[in-house]
Structures are given as structure tokens and as C-alpha cells.
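Note sheet for the following structure.
Note that the structure is predicted; figures quoted are calculated from it, not measured.
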Amino acid sequence: MSWLPLSFGAPMVLWGLLALPVIWWLLRLTPPRPQTEVFPPLRILARVLRREETPQQSPWWLTLLRLLMAALIVMALAEPVFNPREKLPAEGAALALVVDNGWASAADWNKRVATAERLIADAGSNGVPIVIAFTAEKPNAEIGPFDASGALDHLRAAKPRPIPTDRPAVYARVAAALERLPGASVAVLADGLAAKGDEAAFKTLLEKNATRLVWATSDRPSVTGLIGADNQVDGFALSAIRAPGNPAPAQVTAGAFDDKGRRIADATLTFAPGEAAATGTMAVPFELRNDFASIALDGEHQAGAVRVLDESSKRRRVGLLSQAEADQAQPLLSPLYYIRRALQPFADLVEPSSADLADAIPQLLDQKPAMIIMADVGTIPAQVKQRLVDWVDKGGTLVRFAGPRLAAAGNDDDLLPVRLRSGERALGGALSWTTPQAVTEFPKTGPFADLAPPSEVTVSRQVLAEPTPDIVERTWATLADGTPLVTGMKKDKGTLVLFHVTPEATWSNLPISGSFVEMLRRVVQLSRNQGAAIANAEAAAASLAPYRMISADGMLTPPSPDARPLVPGAGPLPVTLENPPGLYGSETGVFAHNLLDASSTFAPLVRPQVSLPVTAIPYAFDESQNLKGPLVAVALLLMVLDTLAVFWMGGLLARRPRRAGTAATAAAVLVVLGGLFGHADLARADDSKPGDTQAIEDISKTRIAYVITGEPGVDSISRAGLEGLTRFLIEKTALEPGPPAGVDIAKDELSFFPLIYWPIDATAPMPSQAAIARIDAYMQQGGTVLFDTRDQFSNGIGAGSASPATERLRDILGNLNVPPLEPVPSDHVLTKSFFILPEFPGRFNGSPLWVEASLDASNTENRPVRTGDGVSPIMITANDFAGAWAIDENGDPMLPTVPPDPMQRIYALRAGVNIMMYMLTGNYKSDQVHVPVLLERLGQ
């Protein structure tokens with residue numbers, strides 16, 4: 001039974017909802033137990049004449065709560081499912097599940113697994129065995145049949161592989177397994193790409209024992225692969241492919257990454273409508289291109305969108321040098337003509353501007369080439385020779401070609417790989433007994449080992465090497481008579497190479513053959529790339545260990561235990577589980593083994609045309625949700641609320657001791673009940689008043705207040721000043737005040753603050769009479785107001801001339817009950833309440849601090865501190881205390897002192913500490929009559 005988007009596994013249970021009216025009738029007849037409370041005597045007397053009452057029925061909200069709880073339980077027993085899915089066709093004698101787990105399935109692998117899980121679950125509910133196979137696993141992988149639990153274990157243990165699928169072999173194994181299970185349903189979860197042998201594979205799988213085909217399709221667009229990354233003259237040329245027939249244009253971006261995974265270049269490739277190929281170029285300098293370690297397409301999380309690069313993809317800078325003058329009329333006779341043609345596709349060629357070797361060689365070395373080619377260069381000038389030797393020793397590759405000048409120059413042990421005989425050797429001709437010699441097989445130990453010997457090449461003239469014990473080791477190519485054609489040797493970190501023929505087609509036709517290009521390319525690969533060691537060319541014939549592998553999702557990872565060493569060879573190498581795509585070799589040199597090559601193409605997989613019933617399903621996650629658990633949980637919660645409500649109505653909660661935790665819990669439950677059923681009378685009334693929270697915060701810690709004048713500049717300095725004084729109090733005393741508070745004397749409660757700082761500003765509005773009355777009451781009740789005119793007022797309250805701030809102060813004080821005032825005497829408690837202070841400076845110095853005068857005070861020897869019966873309710877200064885105390889966010893002073901004395905600010909802060917201690921402790925130090933007795937007992 002299904003009511004979209006809700007279905008029930010046991011819909012007959014829903015008939016139990018018809019019992020809800022009966023439950024409602026029973027609840028009406030069984031009211032809750034009457035509440036019993038113990039009241040104070042007066043409450044009892046007030047209600048003594050009232051008759052005891054018992055409710056006739058349950059409250060409506062309690063009845064509704066219980067009906068809802070019963071309905072939830074009935075619906076939970078009916079096994080409801082939200083957003084139900086259709087059951088997949090997994091009936092028959094068995095279910096054969098064949099899953100592509102090659103590189104093309106990595107991007108949406110989780111959806112494929114979810115789809116397979118649904119198929120397995122439905123097959124398990126039907127009790128049929130399951131054969132499950134993956135097309136990119138080992139040939140001997142177990143395929144079943146399994147029960148549903150075993151099939152799920154195999155499915156969850158599988159993962160996408162960065163290799164192509166092998167459908168023919170795997171489908172044949174599944175077909176063989178189905179011979180024992182005729183009448184099976186076959187589910188094909190393919191990756192959407194066609195492969196060689198698909199038609200025969202599907203025929204083998206479906207033609208005999210299958211009774212139904214379940215064909216899973218992906219909603220993902222066609223995958224995109226990277227088939228080429230060629231380091232050309234002007235940049236990296238990229239080639240990408242997708243499946244043909246896509247009518248929509250598309251753009252993909254590619255990123256180049258170095259060996260540390262940092263993105264260093266980008267390119268955009270555009271697919272025209274209906275086109276299956278796209279190209280793009282990363283136009284960056286070749287030095288930056290040589291740092292590329294991999295190139296990947298953005299948004300394509302699969303191995304086909306990644307290409308790793310080795311030394312063959314790096315572009316070298318090659319210097320060309322010749323002593324022969326260029327003949328523009330006969331370019332084919334130029335010594336460098338064929339070299340340029342051979343190297344230009346894969347190297348950056350540089351040439352000196354001067355023909356003089358003394359200038360030409362330094363010009364080349366200054367451009368930091370990886371290799372220098374000298375075409376028939378004879379004697380090298382002594383003044384530049386050592387620099388050339390040092391360049392080779394540090395990793396440079398020097399390639400020299402023979403010619404008349406080199407043959408006549410004699411031996412050079414520092415810059416030639418072998419010692420040469422004087423003169424040159426002519427092969428063939430009227431005066432020679434020999435004939436031109438062909439090239440034989442290349443030695444296995446040289447860099448040309450995997451090249452085929454050029455059968456069309458002959459040599460008619462050469463320079464001969466002296467026979468030495470190591471001549472065989474240094475020979476890279478030989479003629480049919482055994483004489484060396486190419487010799488080379490390692491010299492420190494560099495390489496010396498000698499072609500025993502000229503670079504033009506006068507001594508040999510080698511320069512006009514295709515082998516010449518490949519030989520120069522191998523030598524370029526041997527060269528160091530701006531100081532980076534290259535070893536793959538030397539190990540081309542040896543097996544290379546796995547170094548970094550490309551995972552199925554396109555990430556570079558360490559090699560898996562299944563990976564085996566790779567033996568490079570001519571032509572594309574197959575990608576298998578033993579040799580997955582990635583880098584092979586070591587840190588000193590790697591070989592790139594990529595999944596796709598330049599000839600790769602994509603073709604969409606077409607569903608086979610069969611006579612079987614076919615069900616097409618999409619790859620998708622199972623979004624259905626079983627609501628049985630949540631409904632039971634809500635019913636249990638309502639049961640708890642019902643129990644608490646019964647306890648509350650019966651008075652059990654009221655007779656418990658009033659503890660904070662119990663009260664909070666009961667209040668929370670009542671609020672929840674009131675919110676659920678709209679019964680506001682259940683929640684206890686909140687007798688708090690507006691402002692209570694702020695009042696509690698104000699009295700929780702000692703705080704200094706300042707009057708908000710309405711002038712932003714004045715108020716900000718007041719707050720910053722009190723913050724500075726607060727920080728100084730915390731650092732120097734045991735007092736830890738809270739943050740300062742700004743108060744509106746007309747509205748805010750003032751009694752919470754022991755001291756209120758009032759900066760007088762003539763431009764601020766005059767306080768109202770009511771506000772001044774509140775200040776007067778605050779002072780009469782023990783509070784103290786510190787008035788600060790900030791104008792260095794030192795002439796006293798009654799001075800003839802006064803500043804505007806002083807005039808405003810007089811207007812305010814005229815409405816207050818101000819006691820007689822006097823400057824702080826030298827023996828006043830304020831001078832020694834914490835620090836010993838003779839004066840009370842602020843940002844200014846010179847104005848006294850006025851306090852209530854002690855008219856009846858007396859000074860005797862036994863009472864060295866002036867007596868007093870309390871703390872002065874008023875203080876007046878003109879020294880701008882807040883300006884001296886003010887600090888910024890970094891704790892630095894905001895305003896300079898006048899005069900600019902650093903100690904004046906310290907004394908101002910100490911004055912603030914004394915004022916606070918005086919305010920909080922009063923004149924306790926005036927009671928010193930017992931000091932002599934205490935000193936006598938202490939033996940002092």
C-alpha cells in the first residue's frame with residue numbers, strides 16, 4: 001500500500017486508528033486524581049466554607065496528548081516509509097550482478113554502490129542467491145553465488161580501479177556460474193563507455209540462462225579524458241576527448257601542478273557542438289613548464305583526466321655552436337642545419353651572436369643551457385676552456401660533432417669522451433681499399449639500446465678513437481667494422497658525447513635519416529634539466545619500481561601492494577592491475593605511464609538488443625526513510641510528558657523540596673506542555689521585572705560608572721579612562737572590578753556604583769532638575785561623585801574668573817546639597833589609602849582635589865590621620881583624570897600628559913587607586929590609637 005510520498009509495510013494495522021474514539025471516551029470517564037495541597041492557616045480559613053470539588057473529566061489537552069500518543073503508536077506499528085522506492089526486479093533463480101569498477105566509474109562510484117545495495121536487498125528479501133562480479137579485478141576473484149550478506153560484504157570491499165574494464169573475461173566467468181542457476185536475472189551496472197569485445201561479451205552473458213536484464217544508466221554527462229600534453233616551442237599543447245555525438249558545447253579547464261601539488265598554470269579547452277576533441281595551450285615560459293609534474297582536468301575525478309609527466313616532457317635549452325660561417329645560399333651545407341631541424345620540436349635552441357669562440361662560449365653559458373652542441377669545433381680558447389669544463393662537471397652535457405677542424409685539433413682529455421687518432425679516416429673511394437660502413441645494432445648499455453639500427457645509413461668518413469681498455473664501455477653506436485660511431489662518458493655530474501662524423505651529410509647520410517632525430521632526442525633526455533638529475537633514459541631497458549600511482553579518482557598516491565615493476569618498451573604499454581597508471585622509478589628519475597594515449601577515443605556504450613524483458617534503472621541513492629523509529633521515539637516522549645503532567649496535577653511535584661534543579665526541570669516541562677497544547681495557564685508566572693538582569697550584572701562585581709554626557713568624544717574618553725584605571729587596579733591591588741558602566745543619571749539606577757565619574761562639558765545639555773535630584777539622593781545615601789572640569793581649575797570654587805566648564809559645574813552644584821569643601825589635606829586618608837601621594841595629578845597638574853572639609857577634625861600624636869565619620873560624597877578636580885587614565889585597545893595611552901612627563905601618568909593612576917580604596921574602605925586608617933600598643937607587643 002503506497003500513498004506517495006508515504007507508504008506502509010503493514011497497512012492493516014492502520015485500522016487500529018478506529019479505536020481512538022473509544023480511547024477518548026474512556027479518558028473522559030477516568031479523570032486524573034484530585035490534587036491535594038497543604039496551605040498556610042490563613043489560606044485554609046479563607047477557603048473553609050468552600051466545598052471540596054473533584055473534576056468530572058480529564059482536561060482537554062491531556063486527552064488530546066494521549067490520543068496523539070496512541071495514534072503515533074498505531075502508525076509506527078504500520079511500518080511507515082517516507083519517500084518510498086519501487087522494488088527492483090530481482091526475482092528468478094538467482095541475481096547476477098556485474099559491476100564496472102574501472103576508471104570511468106570512479107566519479108559516481110557511491111551511487112553505483114547504493115544502486116547495487118538496493119538490488120542485493122531486494123534479492124535477499126526474495127531469498128535468491130547472488131552472483132556478483134567486477135570487471136576491473138583480478139581474473140581469479142571470487143564471484144559467488146553468495147547470500148545477501150555475503151554479496152554486500154563483497155560489494156563494500158570493492159573499489160574503483162584506475163584501469164580499463166575487461167568485460168569479455170568477467171562476463172564469461174559469470175555466464176559459467178549461471179549454468180548452474182538457470183533462469184537468473186542479470187543486472188548490468190556499466191560505466192557508460194564502450195570497449196573492445198563488448199558485443200561478444202554481452203552475447204556470452206545473456207544468450208543462455210538469463211531471463212531478465214536490469215540495465216543501470218548514469219545521469220552523469222560523458223566523461224572527459226586527457227590524451228596528450230606535448231611541451232612545444234610556445235607552450236604545453238593539451239588534447240582532450242569526450243564521447244562523440246554530444247550536441248552541447250563545453251569548456252573544461254586544466255591545471256598544471258608541480259611535484260609538491262601546487263597549481264602553477266591553467267588552460268581552457270573548448271569542445272565545439274558535436275565535437276569529441278578539444279585542444280588548448282598553456283603558454284608559459286619553458287622554465288616554468290619544466291616544473292610541471294602532472295596536468296589534470298578540473299571537475300573530472302577520475303584517472304583518465306590526469307596525465308603525469310616525466311623527463312621526456314621537459315624542454316631543455318640547447319646551445320648551438322659552429323666555427324663555420326653560415327651560407328645563406330646553401331643552407332643544407334650548414335653544420336647546424338640538420339641539428340636545428342632535429343631539435344627544434346622538443347628543445348629551446350640558443351646561439352651566440354659572435355662567431356669568436358672566446359665570446360661565443362661565455363654567451364652560451366650565461367644563458368644556462370642544459371646541453372651545448374659543437375659542430376666541428378676545433379681548439380677551444382684557453383681563456384674560456386676552464387669555464388666550459390666547470391659547466392660540464394656541474395651537470396652540463398657537451399655534444400661534439402667531428403669535422404676537419406676537430407680532426408686537426410688533436411686530443412682534448414677534458415672535453416672529449418675518448419682519445420682520437422690524428423687525421424680522419426676515409427672509407428671507399430678510388431684510393432681506399434675499404435667500402436662505406438653501415439651501422440650495426442646499438443649496444444645494450446647505451447641510451448640508444450631500444451632503437452632499431454638504421455639500415456639505410458652508411459658512413460664514408462670518420463675520426464677514429466684510440467683503442468683503450470674502456471673504449472667498449474664508452475661506445476654508444478658502432479659501425480659494421482667495429483669502429484665507434486658515437487662515444488660518450490660521464491664526467492663528474494655531466495656528460496661528454498662525440499659523434500665521429502660531421503653534422504651535415506658530407507661524411508655520412510646519418511644527419512638526413514630519422515634515426516638522427518631519435519638519437520639527438522635521447523641525448524637531450526640524458527642532459528640535466530637546469531640542475532635536476534635525469535635517470536630514466538639510462539634505465540630505459542631495466543624494470544622500474546612503482547613510485548607514485550594515479551588512483552581511480554585521479555589523485556597521486558603511494559603504490560598499492562598489487563603494483564609490480566614496469567619494463568619500458570617501444571610503443572604504448574598496457575595499463576593493468578600490476579602496472580596501473582602513474583610514475584615508475586625513484587626520486588632520481590621517473591617514467592610516466594598514463595592511462596590514455598594519443599590514439600584513445602571514447603564511444604558510448606549501447607544497450608544490447610535482446611529478446612529478454614529489460615528494466616532500465618538510474619544510478620541513485622536510496623532516499624527512502626523508515627519512520628517507525630522516529631514515531632516510537634515521539635510516542636515515548638509524549639508518554640514522559642503525560643506522566644509529568646499527571647504528577648503535576650496530583651501535587652506530587654509541589655510537595656518536593658524547592659531545589660533549583662527540580663524547579664528548573666518542572667518549569668521546562670510546563671513550558672513544553674504549554675507550547676504543545678496552547679495552555680498558557682500551565683506555565684508558572686514570571687515575576688521578574690524589566691532591568692532585573694542588568695541589576696544582577698551590576699551588583700555581581702564592583703564597577704566604576706561614568707556619566708553619559710551625550711558628547712561622543714567626552715564619553716569615549718571617559719570609558720577608555722575608566723577601563724585603564726580598572727586594568728591598573730587589577731594589576732596592582734586585590735580588587736578585580738568589572739568593566740566600567742555608562743549611566744544616564746535621569747533613568748538608570750545609581751545605587752549600584754560606589755563612584756560615579758562626571759566629566760563636565762559646557763557644550764553638553766544641562767541635566768534636568770529631576771536628574772540632579774537623583775544625584776543628590778545618591779550622594780546622601782553614601783555614593784560619591786567625582787566632578788572633573790578638565791580645565792586645570794586651581795583658583796577654587798569661588799574664584800572670580802571661571803571657565804565655561806566651571807560655570808556649568810557651579811550651575812549643577814547650585815541645585816545640590818554640597819557640604820563645605822577643602823583641598824585634600826596632607827594628612828588625609830586619600831594621601832595614604834594605598835600609595836603615599838602628596839598630590840593628585842591627572843593629564844594636567846596643578847589643580848587640587850577638593851573633598852568634603854573635616855571641620856571638627858583634630859590631629860594629635862596618637863591620631864596622625866585626620867578623623868572623619870565617613871567618605872566624602874563629592875570630589876572635584878580640574879586635572880582631567882580620565883584623559884590620563886585612557887588607553888586604547890593595545891593598552892597604550894591615548895592622550896599625552898601636560899607637561900609630557902611619564903611619571904605624571906603613573907601618579908595619576910595611583911591617585912585613581914587611592915580614590916577607589918578610599919571609596920571602598922572608608923576612613924579605617926583614621927583609627928590608629930592602638931598602633932603604639934601593637935608595636936610594643938611586636939617588640940618594635
Side-chain angles (χ1 to χ4, degrees), residues 689-729 737-791 793 803-816 818 842-844 873-889 893-895 908 912 915-916 919:
K689 300 176 181 178
D692 285 359
T693 303
Q694 183 63 37
I696 294 174
E697 181 181 350
D698 289 339
I699 65 175
S700 60
K701 272 194 173 184
T702 300
R703 304 176 70 189
I704 312 173
Y706 65 93
V707 174
I708 299 176
T709 63
E711 295 293 330
V714 176
D715 294 342
S716 62
I717 293 298
S718 298
R719 183 170 188 83
L722 295 189
E723 286 179 351
L725 178 59
T726 299
R727 183 178 298 185
F728 192 78
L729 284 166
V743 295
D744 183 351
I745 59 176
K747 300 178 181 179
D748 296 335
E749 180 60 49
L750 307 178
S751 61
F752 300 140
F753 309 104
L755 176 67
I756 297 178
Y757 176 78
W758 191 340
I760 303 301
D761 190 271
T763 61
M766 180 68 182
S768 63
Q769 291 298 326
I772 294 177
R774 297 181 83 244
I775 286 292
D776 189 59
Y778 167 76
M779 295 169 58
Q780 296 297 326
Q781 294 168 1
T784 299
V785 180
L786 173 56
F787 294 95
D788 193 343
T789 60
R790 303 172 296 121
D791 59 354
F793 175 69
S803 67
T806 303
E807 292 292 343
R808 174 56 57 84
L809 177 61
R810 289 175 179 174
D811 295 340
I812 294 173
L813 296 182
N815 297 311
L816 296 175
V818 180
R843 192 162 75 92
F844 308 119
I874 185 173
M875 297 182 187
I876 301 175
T877 184
N879 286 336
D880 191 6
F881 280 166
W885 300 336
I887 59 174
D888 58 17
E889 295 178 355
M894 295 179 61
L895 301 175
I915 291 173
M916 280 302 297
M919 295 307 308

For this session: Please step through side-chain contact (heavy atoms from CB on, under 4.5 Å) for the pair Ile745 and Tyr778, ending with a clear verdict.
Result: CA-CA 10 Å; Ile745 59 176; Tyr778 167 76; over 6 Å; no

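Leu786 contributes atom CG, which lies 9.5 Å from atom CE of Met919 (distance to the nearest 0.5 angstrom). To the nearest 0.5 Å, the span separating CD on Glu711 from OG1 on Thr763 amounts to 3.5 Å. One distance of note links OG1 of Thr877 with CD1 of Ile760; it measures 12.0 Å at 0.5 Å rounding. Separating the CD1 atom in Ile887 from the CZ atom in Arg727 is a distance of 3.5 Å, to the nearest 0.5 Å. Between atom CH2 of residue Trp758 and atom CD1 of residue Ile775 there is a gap of 5.0 Å, rounded to the nearest 0.5 Å. Note that CG of Leu729 and CE of Met916 are 6.0 Å apart. Values are rounded to the nearest 0.5 Å.
Asp776 places no side-chain N or O within 3.5 Å of a backbone atom of Ile772 that could act as its donor or acceptor partner. Between the side chain of Asp880 and the backbone N or O of Asp788, no donor-acceptor pair lies under 3.5 Å. With hydrogens and angles disregarded, no donor-acceptor distance shorter than 3.5 Å links the side chain of Asn879 to the backbone of Phe881. Under a 3.5 Å cut-off, the side chain of Glu749 and the backbone N or O of Ser751 do form a donor-acceptor pair. Using a distance-only test at 3.5 Å, with no hydrogens or angles considered, no donor-acceptor pair links the side chain of Arg703 to the main chain of Phe753.
Closest non-hydrogen pair, Val707 versus Pro759, comes out as O-CD, 4.1 Å. Across Ala764 and Arg808, no two heavy atoms sit closer than the pair O-NH1, 2.6 Å. Minimum interatomic distance between Ala884 and Gly842 (heavy atoms only, all atoms of both residues): CB-C, 3.5 Å. Annotation for Ser718 and Tyr757: closest pair OG-CE2, 4.0 Å, computed over non-hydrogen atoms. Closest approach of Ala771 and Pro767 over heavy atoms only: CB-CB, 4.3 Å. The nearest pair of heavy atoms linking Arg790 to Val714 is NH2-CG2, 4.2 Å.
Electrostatic pairing of Glu723 and Arg719 counts as a salt bridge here, judged by a charged N lying under 4.0 Å from a carboxylate O.
Between Leu725 and Ile915, every side-chain heavy-atom pair lies at or beyond the 4.5 Å cut-off. The shortest distance between side-chain heavy atoms of Leu813 and Ile876 falls below 4.5 Å. Contact check for Ile708 versus Asp748: no side-chain heavy atoms found under the 4.5 Å cut-off.
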